[in-house]
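These notes are about the structure you will find just below.
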Amino acid sequence: MKIATWNINGIKARLETATTWLKSASPDVACLQEIKSMDEAFPTSAFEDLGYNVAVHGQKGFNGVALLSKLPFDDVTRGLPGDPDDVQARYIEAVISVASGVVRVVNIYLPNGNPTASEKFTYKLSWMARLKERVKQLLTYEEPFIVAGDFNVIPAPNDVYDPQSWLDDALFRPETRAQFQAYLNLGLTDAFRACHDEPHQFTFWDYQAGAWQKNHGLRIDHLLLSPQAADKLVACEIDANPRSWEKPSDHVPIVVELSL
DNA sequence: ATGTCGATACTTTATCGA
């Protein structure tokens, strides 16, 4: 089973790009972030035509996440628990039945958090703490699950082209990295790092300043596996090709294969 | 080189977020 995550930066601007990639890569599940669309405006039928079931948690203008799955959803939950006042659409979770039982897919668009002197950074850190609580809850089920998405976290210095210049950025601040490390300490596995130890394997290149051409990238999109999912890990690969296409997203897809 | 995108609204250009 192949599970992909991709921040597509606007589904209206990226529908053809997304469907082209899905036809070629054919993941069983795709986690999309930054759809920047309300539920009713999401092009559900375009994905149904490719054989996907579709679940959306949308928002006008910003944020928004969507799940695509070739297998039907047993259950879908929208919104990260822990703060009833949080109205930002950044979390959707689904349970999917597979031959070996079930797999739970958690699709997140973790807050960016910049600038670090603003309430945006405290919102990011509190959101990360809430996600930790949700992960702890899910771990008690002792089932395979995956937390996939745009984490807006650079886990380590070799995940950014120039760590020195990112030291005070919300994506690389010690508080941010410590919370990401806390997910690993709970028992989650960074699927990409379990398969690859090469430095400078990026999933994002800014539109500005020729970042793609200079390979000034970041590794901020991640797939974290529960112990039961990590036991089934086969492979994990970044597909950087779509970054060179016409009208690209600033992120590229990353795919994990599990023997579920 | 504060350099690029996508979406929005008191829209045809400025703003916000990333």
Side-chain angles (χ1 to χ4, degrees), chain A residues 5-21 31-44 46-47 56-66 80 85-92 107-128 131 148-155 159-173 175-177 179-180 202-222 240-254:
Chain A
T5 180
W6 193 5
N7 178 323
I8 45 141
N9 190 20
I11 191 57
K12 295 178 192 74
R14 215 74 63 209
L15 181 58
E16 189 177 341
T17 302
T19 54
T20 297
W21 184 80
C31 302
L32 305 179
Q33 303 89 36
E34 269 204 284
I35 61 171
K36 297 185 177 180
S37 163
M38 299 208 282
D39 292 14
E40 54 270 32
F42 190 81
T44 297
F47 297 109
V56 181
H57 187 209
Q59 180 180 340
K60 190 170 190 175
F62 306 108
N63 306 321
V65 287
L80 175 62
D85 295 329
D86 183 5
V87 295
Q88 299 192 32
R90 299 179 172 276
Y91 185 101
I92 187 167
N107 176 15
I108 68 164
Y109 175 45
L110 205 148
N112 177 292
N114 282 305
T116 52
S118 73
E119 71 290 340
K120 291 181 179 179
F121 190 50
T122 51
Y123 173 64
K124 174 177 196 155
L125 296 178
S126 65
W127 204 97
M128 292 189 82
L131 181 61
D150 177 358
F151 280 69
N152 272 312
V153 176
I154 301 165
D159 293 315
V160 51
Y161 65 98
D162 177 16
Q164 276 304 115
S165 66
W166 285 78
L167 285 175
D168 197 37
D169 192 279
L171 281 62
F172 195 51
R173 278 278 291 265
E175 303 96 313
T176 304
R177 292 172 57 194
Q179 292 220 62
F180 184 85
F202 303 134
T203 65
F204 166 90
W205 295 260
D206 200 284
Y207 289 121
Q208 297 191 64
W212 167 245
Q213 289 75 12
K214 297 174 187 168
N215 197 28
H216 285 181
L218 314 173
R219 191 174 74 92
I220 55 176
D221 300 272
H222 307 296
N241 284 315
R243 189 64 180 78
S244 66
W245 296 356
E246 290 290 315
K247 277 192 64 174
S249 170
D250 40 7
H251 296 250
V252 295
I254 169 169

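Sequence lines set the chain letters: A, B, ... in the order given, protein chains first and strands last, and positions in each chain run from 1.
Close to B:dG17, at under 4.0 Å from its OP1 or OP2, lies no side-chain N or O of A:Arg90.
A side-chain contact (heavy atoms from CB on, under 4.5 Å) with A:Leu110 is found for one member of A:Arg90, A:His222, A:Gln179, A:Lys124 and no other, namely A:Lys124. Put simply, the residue from A:Asp150, A:Asn152, A:Asn107 that forms a side-chain hydrogen bond (donor to acceptor under 3.5 Å, both in side chains) with A:Gln33 is A:Asn107.
With B:dA18, B:dG6, B:dG3 as the candidates, the nucleotide lying closest to the side chain of A:Lys247 is B:dG6. Here the nucleotide nearest the side chain of A:Arg14, chosen from B:dG6, B:dG3, B:dA18, is B:dG6. Proximity note for A:Lys60 (side chain, C-beta onward) versus B:dA18, B:dG6, B:dT8: the nearest is B:dT8. With distances taken from any side-chain atom of A:Tyr207 to the nucleotides B:dA18, B:dT4, B:dG17, the minimum falls on B:dT4.
As a whole-Å value, the separation of A:Asn112 CG from B:dA18 P is 5 Å. Protein atom CD1 of A:Ile35 is 11 Å distant from nucleotide atom P of B:dT8, rounded to whole Å. For the pair A:Gln208 CD and B:dC16 P, the computed distance is 16 Å after rounding to whole Å. Summarising the geometry, the separation between NZ on A:Lys214 and P on B:dA1 is reported as 12 Å, rounded to the nearest angstrom. What separates CD of A:Glu34 from P of B:dC5 is a distance of 15 Å, to the nearest Å. Separating the NZ atom of A:Lys124 from the P atom of B:dG17 is a distance of 16 Å, rounded to the nearest angstrom. Atom CG of A:Asn63 and atom C1' of B:dA7 are 12 Å apart (whole Å). In this structure, NE2 of A:His251 is placed 12 Å from C1' of B:dG17, rounded to the nearest angstrom.
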Tell me, with the steps shown, if A:Asp86 and A:Tyr91 meet side chain to side chain donor-acceptor pair (under 3.5 Å). CA-CA 11 Å; A:Asp86 183 5; A:Tyr91 185 101; over 6 Å; no

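Along DNA chain B, the nucleotide closest to A:Tyr109 and the one closest to A:Gly61 are compared, and the more 5′ of them pairs with A:Gly61. Heavy-atom distances to DNA chain B give each of A:Asp250 and A:Ala13 a nearest nucleotide, and the one nearer the 5′ end belongs to A:Ala13.
Under the 30°/60° scheme for interplanar angles, the aromatic rings of A:Tyr161 and A:Trp166 are found to stand perpendicular.
In this structure, A:Glu16 places its CD atom where only 12 or fewer heavy-atom neighbours from other residues, nucleotides or ligands lie under 6.0 Å away.
Taking the P atom of each, B:dA1 and B:dA7 are spaced 31 Å apart, rounded to whole Å. For the P atoms, the distance from B:dG3 to B:dT8 is 24 Å, rounded to whole Å. Here the separation of B:dG6 from B:dC10, taken at their P atoms, is 23 Å to the nearest Å.
Base contact: A:Ala209 has a heavy atom under 4.0 Å from a base atom.
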